[in-house]
Amino acid sequence: MPTPEADRVPGHRPARFAVLDPATGEAFDDAPDQQPEELDEVVARARQAWRGWRADHAARTTALRAAADAVEAAGDELARLLTREQGKPLTESHAEIARTAARLRYFADLSPRTRRIDDGRPVHSEVRWLPVGPVAAIVPWNYPLQLAAAKFAPALAAGNTVVLKPSPYTPLATRLLGSVLAAVLPEHVLTVVTGREPLGARLVAHPGIRHVTFTGSVPTGRAVAEGAAASLARVTLELGGNDAAVLLDDVDVDRIADRLFWAAFRNCGQVCMAVKRVYVPARRHAEVVEALAQRAKAVPVGSGLDPHTRIGPVNNAPQLARVEQVTRQALAAGARAAAGGHRLDGAGYFFAPTILTDVPPDSPVVTEEQFGPVLPVLPYRNLDEALDAANGTGFGLGGSVWGSDLDRAEAVAERLECGTAWINHHAELSLAQPFAGVKDSGVGVAGGPWGLYGNLRPFVVHRPREEET
């Protein structure tokens with residue numbers, strides 16, 4: 001693994017911070033705690049590299065394809081390190097690496113289209129698309145590599161350079177990924193910086209950054225937007241989700257129970273577009289609770305490095321405390337845990353997969369984003385009531401409808417106030433589709449050609465027709 005430049009300077013001993021293994025709660029490595037004043041040089045180098053990178057589309061395509069190959073070649077090392085610092089099962093880490101490489105390949109083959117405008121005037125007018133300049137990409141700890149690639153792959157394909165900052169909880173796999181990519185990309189085209197605040201705040205407000213793309217919580221997203229406003233940089237914000245799954249009265253519970261369970265509990269529930277609330281017709285409520293509780297009680301929980309593990313730990317201590325808090329609040333208000341409901345004994349940040357019933361609808365575990373292995377299941381009397389509840393929060397990332405009559409389910413899905421709706425599945429995305437939230441769940445669009453154009457600016461050229469010269 002190449003050594004980052006700052007670590008190679010003779011006599012240079014940057015401050016460092018500990019990185020914890022969530023399966024043990026203990027430090028297993030550390031990472032550079034880069035200081036905000038270092039960003040001036042980082043951004044200046046990114047801007048200098050942009051001049052050459054933006055000029056040759058064919059070279060970018062070749063480099064991004066090589067980058068995808070390099071990620072796959074380093075897959076075993078990346079996956080193991082990702083599991084060690086993030087906690088997810090090793091199989092899920094390998095899937096994240098594969099998705100990272102696939103995204104690089106997808107965007108390597110995309111290019112913007114020039115459009116000629118024919119408006120009757122005696123000029124040729126063309127709309128071309130140009131890169132915006134250095135991009136700041138700030139990534140959370142739940143899918144650090146996959147979400148990083150969702151930001152830097154379209155930005156690089158568009159001809160921009162990128163300064164990438166991972167969460168302090170998961171810096172190591174991203175640093176390794178940066179080193180892997182540095183071997184095939186031109187120098188300073190992609191730079192990884194690691195550190196604690198105010199590094200991120202200074203990065204988004206840096207006058208040399210022209211686009212800020214961020215994934216994380218709603219409060220932090222608002223702060224990012226405020227910081228980027230100082231230099232009028234554009235922003236793309238993928239913020240929190242509190243996705244509702246609405247089950248219809250004709251749902252085949254046995255058929256969909258596994259899919260529904262994993263839509264909520266994949267990556268220990270730490271997925272922005274996971275199912276976080278389930279609404280069930282009152283007469284089917286007990287049946288659904290039982291089916292989900294059986295699965296929650298049986299699923300193997302443990303270290304992600306154990307091949308038998310299906311659900312790993314919560315990533316960090318503050319998030320574990322948050323999961324405990326909203327669960328205790330619900331139980332104190334009269335909810336019942338059909339499965340789980342408590343932290344697991346022993347080392348690490350483990351919380352039992354939890355199914356809650358009899359939950360007051362105004363409980364924070366329903367109205368807020370719990371982001372952990374806890375799922376409330378709520379009964380409804382009529383469909384309008386269910387949709388009012390599903391749409392009744394400030395979030396609008398995704399949602400799903402589950403039933404046997406697909407036409408009816410689709411008609412119900414169209415009434416959900418969200419960016420993406422699924423029928424009989426949830427949280428499955430194609431690289432070619434747009435991904436965006438409404439309300440507090442985001443600003444801007446990622447994914448597919450929309451993600452590419454989000455990193456470009458229109459540039460209009462007018463020239464006289466030949467006979468007018």
Side-chain angles (χ1 to χ4, degrees), residues 140 142-143 146-147 150 215-218 221 237-248 251 256-280 288 292 295-296 311 319 322-323 326-327 330 353-356 359 361-380 383 385-403 409-410 412-430 433-443 445-447:
N142 59 329
Y143 284 94
Q146 183 172 316
L147 290 173
T215 298
S217 71
V218 174
L237 307 175
E238 185 216 322
L239 306 180
N242 189 2
D243 290 13
V246 178
L247 276 57
L248 303 181
V251 68
I256 63 96
D258 278 339
R259 272 175 282 158
L260 181 59
F261 179 83
W262 287 111
F265 287 92
R266 184 177 292 113
N267 197 25
C268 197
Q270 299 166 129
V271 184
C272 59
M273 54 184 168
V275 169
K276 297 185 175 74
R277 302 171 282 153
V278 178
Y279 294 95
V280 187
V288 171
L292 294 173
R295 287 158 175 80
I311 294 180
Q319 187 58 33
R322 163 71 178 165
V323 172
V326 296
T327 302
T354 297
I355 304 297
L356 294 177
V359 186
D362 60 350
S363 175
V365 78
V366 176
T367 62
E368 301 174 11
E369 182 180 33
Q370 69 270 37
F371 217 68
V374 178
L375 182 64
V377 183
L378 301 103
Y380 68 83
L383 192 54
E385 175 188 285
L387 289 168
D388 285 346
N391 294 329
T393 74
F395 297 97
L397 197 57
S400 56
V401 180
W402 306 68
E410 182 174 351
V412 173
E414 289 178 352
R415 297 172 62 186
L416 292 174
E417 297 172 359
C418 58
T420 305
W422 294 270
I423 297 169
N424 288 344
H425 63 122
H426 195 105
E428 296 177 22
L429 295 174
S430 161
Q433 76 182 67
F435 182 62
V438 299
K439 299 189 286 188
D440 288 348
S441 285
V443 174
V445 183

Could you check if a side-chain atom of [X] sits within less than 4.5 angstrom of a side-chain atom of [Y], using non-hydrogen atoms only?
X	Y	value
Trp402	His426	yes
Leu429	Phe435	yes
Thr420	Met273	no
Leu383	Val246	yes
Asn142	Leu147	yes
Val377	Tyr279	no
Val374	Val326	no
Ile311	Pro353	yes

Just how far is it from atom [atom1] of [X] to atom [atom2] of [Y], taken to the nearest 0.5 Å?
X	Y	atom1	atom2	value
Leu292	Thr354	CG	OG1	12.5 Å
Asp243	Ser400	CG	OG	7.5 Å
Lys276	Asn242	NZ	CG	6.5 Å

If you take all heavy atoms of [X] and [Y], which pair is closest and at what distance?
X	Y	result
Asp258	Arg295	OD1-NE, 2.6 Å
Ala274	Gly269	CB-O, 4.4 Å
Leu247	Tyr380	O-OH, 2.6 Å
Val365	Pro376	O-CG, 3.7 Å
Val445	Pro434	CG1-CB, 3.7 Å
Gly394	Lys439	O-CB, 3.2 Å

Would you find a donor on one side and an acceptor on the other, under 3.5 Å apart, between the side chain of [X] and the backbone of [Y]?
X	Y	value
Glu410	Trp422	no
Gln433	Ser430	yes
Glu417	Val438	no
Thr327	Val323	yes
Arg277	Leu375	no

Of Glu368, Glu369, Gln370, the residue whose pairing with Arg322 passes side chain to side chain donor-acceptor pair (under 3.5 Å): Glu368
Test side chain to side chain contact (heavy atoms under 4.5 Å, CB included) applied to Leu239 and Asp440, step by step: CA-CA 7 Å; Leu239 306 180; Asp440 288 348; 6.0 Å; no
Ring pair (Phe, Tyr, Trp, His ring centres under 6.0 Å) partners for Phe265, two or more places apart: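 With sequence neighbours excluded, Phe265 shows a ring pair (Phe, Tyr, Trp, His ring centres under 6.0 Å) to Phe261, given in chain and number order.
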Derivation of the side chain to side chain contact (heavy atoms under 4.5 Å, CB included) call for Thr215 and Cys272: CA-CA 9 Å; Thr215 298; Cys272 59; 5.6 Å; no
Derivation and outcome, side chain to side chain contact (heavy atoms under 4.5 Å, CB included), residues Ile256 and Arg259: CA-CA 5 Å; Ile256 63 96; Arg259 272 175 282 158; 3.7 Å; yes
